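Quantities reported herein were computed from a predicted structural model and do not represent experimental measurements. Values below: every heavy atom of this structure, side chains too, minus hydrogens, waters and symmetry copies.
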Amino acid sequence: MPRPGVRRIGMFGGAFDPPHCAHQALARAAVEQLGLDTLYVIPTGHAWHKPRALSAPEHRLAMAQLAFEGLPHVKVDNREMRRAGPSYTADTLAALQGEHPGAQLYLLMGADQFAAFGQWQRSGEIRDIAIICIADRSDAAADSTESLQSSQLSSDRQSAVLTLNLPLMHVSATRIRESVAANGALAPDLSGLVPEPVARYIAAHRLYQTQD
């Protein structure tokens with residue numbers, strides 16, 4: 001853990017297509033449990049690893065701003081959307097490191113993302129820059145994280161992985177998109193799945209009404 005007085009900066013990247021209540025819960029947990037001075041929520045620009053086309057950047061950015069506005073110490077940042085070409089986490093972390101010299105950086109990700117971490121671009125560089133914080137929204141969070149650490153990181157790096165305590169939440173962006181697409185023009189009830197302002201935005205802009 002960083003020395004007293006060292007700033008703590010978090011990065012939470014993702015497609016946010018759409019941002020949902022579990023994303024909000026993770027942001028709150030990270031700020032509270034890690035004592036973050038700032039958590040940068042960074043919607044992905046060009047997602048080289050996604051098998052489907054993402055919604056337009058302006059929609060995902062607007063929804064992220066609606067979802068995270070008002071959360072203490074959380075800042076929505078569109079730098080990856082402004083970047084030409086593929087968006088790589090290592091580049092964004094390096095930029096944050098340059099902007100906050102001497103700060104301890106934390107990278108938030110889900111257990112599913114960490115399971116594929118070995119295939120990330122410049123994963124070794126990421127481990128050198130930031131402490132990885134895994135949000136495992138399951139009852140077996142500790143057990144699964146321990147096994148993931150063993151499989152994805154060498155033993156001398158296991159201390160650079162933390163687990164965030166989160167409630168079990170059965171919500172995913174994929175299910176939300178599928179629910180909206182299945183209902184067509186009849187807007188489904190998204191209460192408890194996405195923040196209310198995001199639900200209104202999805203309806204107003206008729207997002208996800210046809211599958212990509």
(message) Rounded at 0.5 Å granularity, tell me how far CD in Gln104 sits from CD1 in Ile129.
(response) 11.0 Å

(message) If we ignore hydrogens and angles and just use 3.5 Å, is the side chain of His20 paired with the main-chain N or O of Ala22 as donor and acceptor?
(response) yes

(request) Can you see which heavy atom on Leu61 is nearest to which on Pro43, and at what distance? (result) CD1-CG, 4.4 Å

(request) For Thr38 and Ile9, indicate whether the former's side chain and the latter's backbone hold a donor-acceptor pair under 3.5 Å. (result) no

(message) Please report the interatomic distance CG(Leu66) to CD1(Ile202), rounded to the nearest 0.5 Å.
(response) 10.0 Å

(message) Which residues pass the side chain to side chain contact (heavy atoms under 4.5 Å, CB included) test with Ala182, not counting sequence neighbours?
(response) none

(request) Salt-bridge test for Asp77 and Lys75: reply yes if a basic N is under 4.0 Å from a carboxylate O, no otherwise. (result) no

(request) Might you point out which heavy atoms bring Gly102 and Val6 nearest each other, and give the distance in Å? (result) O-CG1, 3.3 Å

(request) For the pair Glu196 and Arg200, find out whether any cationic side-chain nitrogen is under 4.0 Å from an anionic carboxylate oxygen. (result) yes

(request) Heavy atoms only: give me the nearest Ala64-Pro19 pair and the separation to one decimal. (result) N-CG, 3.9 Å

(request) Working to the nearest 0.5 Å, report the span between NE2 of His23 and CZ of Arg28. (result) 13.0 Å

(message) Nearest 0.5 angstrom please: Phe68 CZ to Gln24 CD, how far?
(response) 6.5 Å

(message) Counting C-beta onward and ignoring hydrogens, is there a side-chain heavy-atom pair between Leu207 and Met63 closer than 4.5 Å?
(response) yes

(request) Kindly indicate whether the side chain of Arg175, heavy atoms from C-beta on, has any atom under 4.5 Å from the side chain of Ser179. (result) no

(request) Decide yes or no for Phe117 and Ile126: does some side-chain heavy atom of the first lie under 4.5 Å from some side-chain heavy atom of the second? (result) yes

(message) Quick check: do Leu96 and Arg79 have side-chain heavy atoms less than 4.5 Å from each other?
(response) yes

(request) Report yes or no: does Gln121 contribute a side-chain atom to a donor-acceptor pair with the main-chain N or O of Ala90 at less than 3.5 Å? (result) no

(message) So does Leu34 get a backbone contact from the side chain of Arg8, meaning a donor-acceptor N/O pair under 3.5 Å?
(response) yes

(request) Indicate whether any N or O donor in one side chain lies under 3.5 Å from an N or O acceptor in the other, for Thr92 and Glu80. (result) yes

(request) Measure the shortest side-chain to side-chain distance between Leu39 and Phe12 over non-hydrogen atoms and say whether it is less than 4.5 angstrom. (result) yes

(request) Measure from the side-chain N and O atoms of Gln113 to the backbone N and O of Gly110, and report whether any donor-acceptor pair falls under 3.5 Å. (result) yes

(message) Could you report the tightest heavy-atom contact between Val198 and Pro18, atom names first, then the distance?
(response) CG1-CB, 4.3 Å

(request) Side-chain contact test, heavy atoms from C-beta onward, threshold under 4.5 Å: evaluate it for Val161 versus Phe114 and give yes or no. (result) yes

(request) Answer whether the closest heavy-atom distance between the side chains of Ile132 and Leu162 falls below 4.5 Å. (result) no

(request) Run the numbers on Leu107 and Ile131 for side chain to side chain contact (heavy atoms under 4.5 Å, CB included), then give the verdict. (result) CA-CA 6 Å; Leu107 175 63; Ile131 293 175; over 6 Å; no

(request) Grab the two heavy atoms, one from Ala30 and one from Leu36, that are nearest each other, plus how far apart they are. (result) O-CG, 3.6 Å

(message) Can you tell me how far apart CG (Leu108) and CD1 (Ile134) are? Round to the nearest 0.5 Å.
(response) 10.5 Å

(request) For residues Glu69 and Val74, determine if any side-chain heavy atom of one lies less than 4.5 Å from a side-chain heavy atom of the other. (result) no

(message) Can a side-chain donor-acceptor contact be found between Arg177 and Ser55 if the only test is distance below 3.5 angstrom?
(response) no

(request) Please lay out, stage by stage, how Val194 and Val171 fare under the test side chain to side chain contact (heavy atoms under 4.5 Å, CB included). (result) CA-CA 9 Å; Val194 302; Val171 55; over 6 Å; no

(request) Kindly compute the distance separating NE2 (His73) from OH (Tyr40), expressed to the nearest 0.5 Å. (result) 13.0 Å

(request) Take Met169 and Cys21 through the side chain to side chain contact (heavy atoms under 4.5 Å, CB included) test and state the conclusion after the steps. (result) CA-CA 8 Å; Met169 301 180 72; Cys21 292; 3.9 Å; yes

(message) Using the rule given for side chain to side chain contact (heavy atoms under 4.5 Å, CB included), can you reason through Trp120 versus Met109, listing the C-alpha separation, both sets of side-chain angles and the distance that settles it, and then say yes or no?
(response) CA-CA 12 Å; Trp120 285 31; Met109 67 176 70; 3.8 Å; yes

(message) Can you give me the closest heavy-atom contact between Ala15 and Arg60, atom names plus distance?
(response) O-NH1, 3.0 Å

